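Take a look at the structure below.
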Amino acid sequence: MSENQYFKFTNAVVIAPLIAVISIWTVFWIELRFQVNLNEYGIYPQKISGLKGIIFSPFIHGSAEHLYNNTIPLAVLTAALFYFYRNISLRILLIGILVSGFFTWAIGRPSYHIGASGVIYLLASFIFFKGIFTKHYRLIALSLIVVFIYGSMLWYIFPVADGISWEGHLGGFLAGLALAFFMKSDIPPPKKYEWEHEDYNDEADEFLQQFDAEGNFVGRTKDEGNGDKAPIEIIYHLKKETRGKSDQE
């Protein structure tokens, strides 16, 4: 698969993040419109009833600020996932949500854990580590962009602030790392130039023949440039114009 075929824009690059954003905003609107609190559908650790939150918790947010802070990273990282890893994007989302959610349920504090931040950490972690593991120059560049924009999120996988589910962040981060290592993806081989091939013969290279052994440019003689052909002869024809004299009064 060539790079042009692999890194190709599809409708999923727009539709997937759009569905994700509309989903979390719709759930928040339902809570406001009907004056209901859906926090009980979040992950409640070490309780069987809390397992349902593994599926529902990414859609539930405690405030408009919480929702807004998750909207843009979720949209950007989901679009990046579906553009650069479209052949495994759905599996990454599904498996990652299940793994990170179960991890939160297993080690979390006795409280309802809600929000899409676990998914955001999942995506950021996967995109970063997968780019490093593949060693493809475009994917490595994407990894560096993720670090530049979202690198500060790393601190929140530790219990640095109250009211933040660092367990969900840590679960998403570890799930992304594991999926980047174990999940295989079709990556196009990097383009090789002629001189990078093993059978490359530098002595037959016409460009290198214009340099001597010390690297000095010597050019090519007229005979070398034309081979066995006779040298090109250029003949110029000069045409002389004559003007008639005009009568003067």
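Computed from a prediction, not measured in an experiment: that's the story for all the values here.
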Does the side chain of [X] reach to within under 4.5 Å of the side chain of [Y], using non-hydrogen atoms?
| X | Y | answer |
| --- | --- | --- |
| Ile15 | Thr10 | no |
| Arg91 | Tyr85 | no |
| Phe129 | Phe173 | yes |
| Asn87 | Ser185 | yes |

- Task: Before giving the answer on side chain to side chain contact (heavy atoms under 4.5 Å, CB included), spell out for Lys184 and Ile88 the whole-Å C-alpha distance, their side-chain angles and the decisive distance to 0.1 Å.
- Result: CA-CA 8 Å; Lys184 303 300 180 184; Ile88 59 172; over 6 Å; no

- Item | Tyr156/Ile164 under side chain to side chain contact (heavy atoms under 4.5 Å, CB included): CA gap, chis, key distance, verdict | CA-CA 8 Å; Tyr156 294 98; Ile164 295 180; 4.1 Å; yes

- By side chain to side chain contact (heavy atoms under 4.5 Å, CB included), which residues pair with Tyr83, not counting sequence neighbours? Phe7, Phe9, Val13

- Task: Please list, chain by chain and in numerical order, all residues satisfying side chain to side chain contact (heavy atoms under 4.5 Å, CB included) with Trp155, sequence neighbours excluded.
- Result: none

- Would you say Leu177 and Leu154 are hydrophobically clustered, going by side-chain heavy atoms of ILVMFWY under 4.5 Å? yes

Hey, is the main chain of [Y] close enough, under 3.5 Å, to the side chain of [X] for a donor-acceptor pair?
| X | Y | value |
| --- | --- | --- |
| His136 | Ile132 | no |
| Glu40 | Asn37 | no |
| Glu31 | Leu38 | yes |

- Message: Enumerate the side-chain hydrogen bond (donor to acceptor under 3.5 Å, both in side chains) contacts for residues 140-153, please, sequence neighbours excluded, ordered by first and then second residue.
- Response: none

- Item | Within residues 117-133 or reaching into it, pairs that qualify as side-chain hydrogen bond (donor to acceptor under 3.5 Å, both in side chains) - sequence neighbours excluded | Ser117-His169

Please list every donor-acceptor pair under 3.5 Å in which a side-chain atom of residues 99-106 meets a protein atom from a residue at least two apart or in another chain.
from   : atom 1 : to     : atom 2 : distance (Å)
Ser100 : OG     : Gly96  : O      : 2.8
Ser100 : OG     : Ile97  : O      : 3.3
Thr104 : OG1    : Ser100 : O      : 2.9
Trp105 : NE1    : Tyr44  : O      : 3.3
Trp105 : NE1    : Lys47  : O      : 2.7

Sequence neighbours left out, cut at 3.5 Å: what donor-acceptor pairs do the side chains of residues 51-64 make with other protein atoms?
from  : atom 1 : to     : atom 2 : distance (Å)
Lys52 : NZ     : Ser49  : O      : 2.7
Ser57 : OG     : Gly53  : O      : 2.5
His61 : NE2    : Asn70  : ND2    : 3.2
His61 : NE2    : Ala116 : N      : 3.3
Ser63 : OG     : His66  : N      : 3.1

